[in-house]
Participant: 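My questions all concern the structure below.
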Amino acid sequence: ETNLTPRVFKGNCLSALEKENATNLNKIRKLVDKMDLKVILTGILPTLRQSDLELTNLTPKKRYYALMEAIIKNQKERNFLLHLKGIDEIKISHQSPLLEACNTSFQVHLQVAPKEFVKLYNMSQTLTAPIMAIAANSPIVFNKRLWHESRITMFQDALDTRKFGGPREFRPRVSFGTDWLQDSILEIYREDISRFRVLIAGDVQEDSLKKLSQNETPKLRALQVHNSTVYRWNRPCYGVSDNGKPHLRIENRVLPAGPTVLDEVSNAALWLGAMVGMKNNYDD
């Protein structure tokens, strides 16, 4: 995983984004070249095998182990199922949520003004289908020819905790949402907090209300952690910038990785340009 520098959406920001992404990728390639390995950018690696998706291959980070453990615990004793019909048909059962690990993405964040969040979030939802159609590059899973972009259902099925979640979780944790936004981002946060159990929790020390009373900006860490385990394809993000000011972002999670850096940046340019263009030309 590589994170890129936030930039103002103007001037040469897209070519700078491409250059930084390519630079990071070249650093990785130099390292893995010593191991006689190659890096491929793609939404789902066509040669991946189900046997590769073992927990022993998980990146050794405590957060990842905690998340896997929490999802498995929610599943009780049921395996994770994938049933998908495309040109071919696939129907498999897997013992861990690592089916999710098939998916690789190029996730783009657009920082927006709070007063414009509702309008722009709805526009992002509207743009999802054409953006996904243009960027699709994952038609093969475990040697089966499925959807042009199989990541969508792969991700939803891999993290589907509903079967034994009781009446509270009757919607998948991976979704496009339930409705258009009407008034504020709080509609999303209220829904996510009420519908989905907390899977992992951070060590939260701050008293958010106390900070507000002192005219300080709270980080809302508990909300951020919970938000990171509800996987909307267009996800709202709250953060605090380096200057101490809070901000809102819309995260587009639908774009696949690759097949080249230029493709990734082109897909991002289309989404960003359409978002800003629609904002300037349409009220809702």
Side-chain angles (χ1 to χ4, degrees), residues 6-9 103 105-136 149 151-153 155-156 159-162 165 167-200 208-209 212 217-241 245-256 267-284:
R7 304 178 189 279
V8 178
F9 186 46
N103 302 308
S105 304
F106 187 71
Q107 295 159 2
V108 185
H109 293 239
L110 178 63
Q111 184 175 320
V112 302
K115 64 181 180 181
E116 294 182 324
F117 183 87
V118 170
K119 171 180 171 179
L120 283 166
Y121 188 84
N122 288 339
M123 287 180 176
S124 187
Q125 292 282 77
T126 306
L127 286 166
T128 298
I131 294 294
M132 182 173 60
I134 273 184
E149 190 51 79
R151 293 163 53 252
I152 306 304
T153 192
F155 197 56
Q156 178 173 314
L159 296 177
D160 192 348
T161 57
R162 290 177 297 169
R168 186 175 180 185
E169 292 191 13
F170 64 91
R171 295 190 185 279
R173 294 186 89 95
V174 180
S175 77
F176 288 99
T178 56
D179 203 350
W180 303 108
L181 283 189
Q182 302 297 327
D183 298 308
S184 88
I185 188 177
L186 294 180
E187 294 164 42
I188 294 178
Y189 286 139
R190 288 191 189 109
E191 181 178 31
D192 289 352
I193 290 169
S194 63
R195 286 193 192 281
F196 302 108
R197 287 173 171 79
V198 173
L199 289 182
I200 55 176
S208 298
L209 293 178
L212 282 174
T217 302
K219 293 185 177 180
L220 303 181
R221 181 63 180 151
L223 179 67
Q224 288 180 327
V225 171
H226 184 58
N227 189 53
S228 72
T229 64
V230 180
Y231 303 92
R232 293 173 180 265
W233 290 105
N234 291 293
R235 184 155 69 183
C237 295
Y238 165 86
V240 180
S241 301
K245 293 184 178 181
H247 66 260
L248 295 179
R249 306 186 309 277
I250 297 171
E251 178 189 13
N252 181 327
R253 299 174 52 81
V254 80
L255 295 175
N267 293 335
L270 177 61
W271 180 70
L272 291 166
M275 286 284 286
V276 173
M278 288 179 70
K279 180 190 80 168
N280 292 338
N281 288 283
Y282 299 99
D283 291 330
D284 193 353

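Not measured: the values here are computed from a predicted model. Scope of the values below: all heavy atoms of this structure, side chains included, with no hydrogens, waters or symmetry mates.
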Participant: With rounding to the nearest 0.5 angstrom, report the CG to CZ distance, Asn267 to Phe106.
Facilitator: 8.5 Å

Participant: Residues two or more places apart in sequence or in another chain: which of them pass side chain to side chain donor-acceptor pair (under 3.5 Å) with Ser184?
Facilitator: none

Participant: If I take atom OG1 from residue Thr128 and atom CG from residue Leu255, how far apart are they, to the nearest 0.5 angstrom?
Facilitator: 9.5 Å

Participant: Looking only at heavy atoms, which two atoms of Leu212 and Pro218 are closest? And how far apart?
Facilitator: CD2-CD, 3.9 Å

Participant: Run the side-chain donor-acceptor check on residues 273-282: report pairs under 3.5 Å with partners two or more places apart or on a different chain.
Facilitator:
residue, atom, partner, partner atom, Å
Asn280, ND2, Val276, O, 3.3
Asn281, ND2, Gly277, O, 2.7

Participant: If you define the side chain from C-beta out and look only at heavy atoms, does anything of Ile152 sit under 4.5 Å from Val174?
Facilitator: no

Participant: Could you tell me the separation between the CD atom of Gln182 and the CG atom of Asp284, rounded to the nearest 0.5 Å?
Facilitator: 8.0 Å

Participant: Mind listing the closest non-hydrogen atom pair of Pro114 and Leu248 along with its distance?
Facilitator: CA-CD1, 4.0 Å

Participant: If we only count heavy atoms from C-beta on, is the Val240 to Leu220 side-chain gap below 4.5 Å?
Facilitator: no

Participant: Search all heavy atoms of Ser241 against all heavy atoms of His247 and return the closest pair with its distance.
Facilitator: OG-ND1, 2.8 Å

Participant: Distance check, rounded to the nearest 0.5 Å: Lys119 atom NZ versus Asp283 atom CG?
Facilitator: 5.5 Å

Participant: Could you pull out all residues at least two apart from Arg7 that satisfy side chain to side chain donor-acceptor pair (under 3.5 Å)?
Facilitator: Glu20

Participant: Less than 3.5 Å apart, any donor N or O on the side chain of Ser124 or Asn252 sitting next to an acceptor on the other?
Facilitator: no

Participant: With sequence neighbours left out, write down each residue that passes ring-ring contact (aromatic ring centres under 6.0 Å, His included) with Tyr231, or none if nothing qualifies.
Facilitator: Phe155

Participant: Between Ser105 and Arg151, does any side-chain donor sit less than 3.5 Å from a side-chain acceptor?
Facilitator: yes

Participant: For a quick test of reading the model, state the closest non-hydrogen atom pair linking Pro256 to Ala135 and the distance between them.
Facilitator: CG-O, 3.1 Å

Participant: Working to the nearest 0.5 angstrom, can you tell me the gap between Phe9 CZ and Gln111 CD?
Facilitator: 14.0 Å

Participant: Rounded to the nearest 0.5 Å, how far does CG of Leu223 lie from NE2 of His226?
Facilitator: 8.0 Å

Participant: How would you list, by chain and number, every residue that makes a side-chain contact (heavy atoms from CB on, under 4.5 Å) with Glu251, sequence neighbours excluded?
Facilitator: Gln107, His109, Arg235, Cys237, Arg253

Participant: How far apart are the C-alpha atoms of Trp180 and Val118, what are their side-chain angles, what is the distance that settles it, and do they pass the side chain to side chain contact (heavy atoms under 4.5 Å, CB included) test?
Facilitator: CA-CA 9 Å; Trp180 303 108; Val118 170; over 6 Å; no

Participant: Any non-hydrogen side-chain atom of Thr217 less than 4.5 Å from a side-chain atom of Lys245?
Facilitator: no

Participant: If we only count heavy atoms from C-beta on, is the Ile134 to Trp271 side-chain gap below 4.5 Å?
Facilitator: no

Participant: Using the test ring-ring contact (aromatic ring centres under 6.0 Å, His included), find all partners of Phe117 that sit at least two apart in sequence or belong to another chain.
Facilitator: Tyr121

Participant: Quick check: do Asp192 and Arg232 have side-chain heavy atoms less than 4.5 Å from each other?
Facilitator: yes

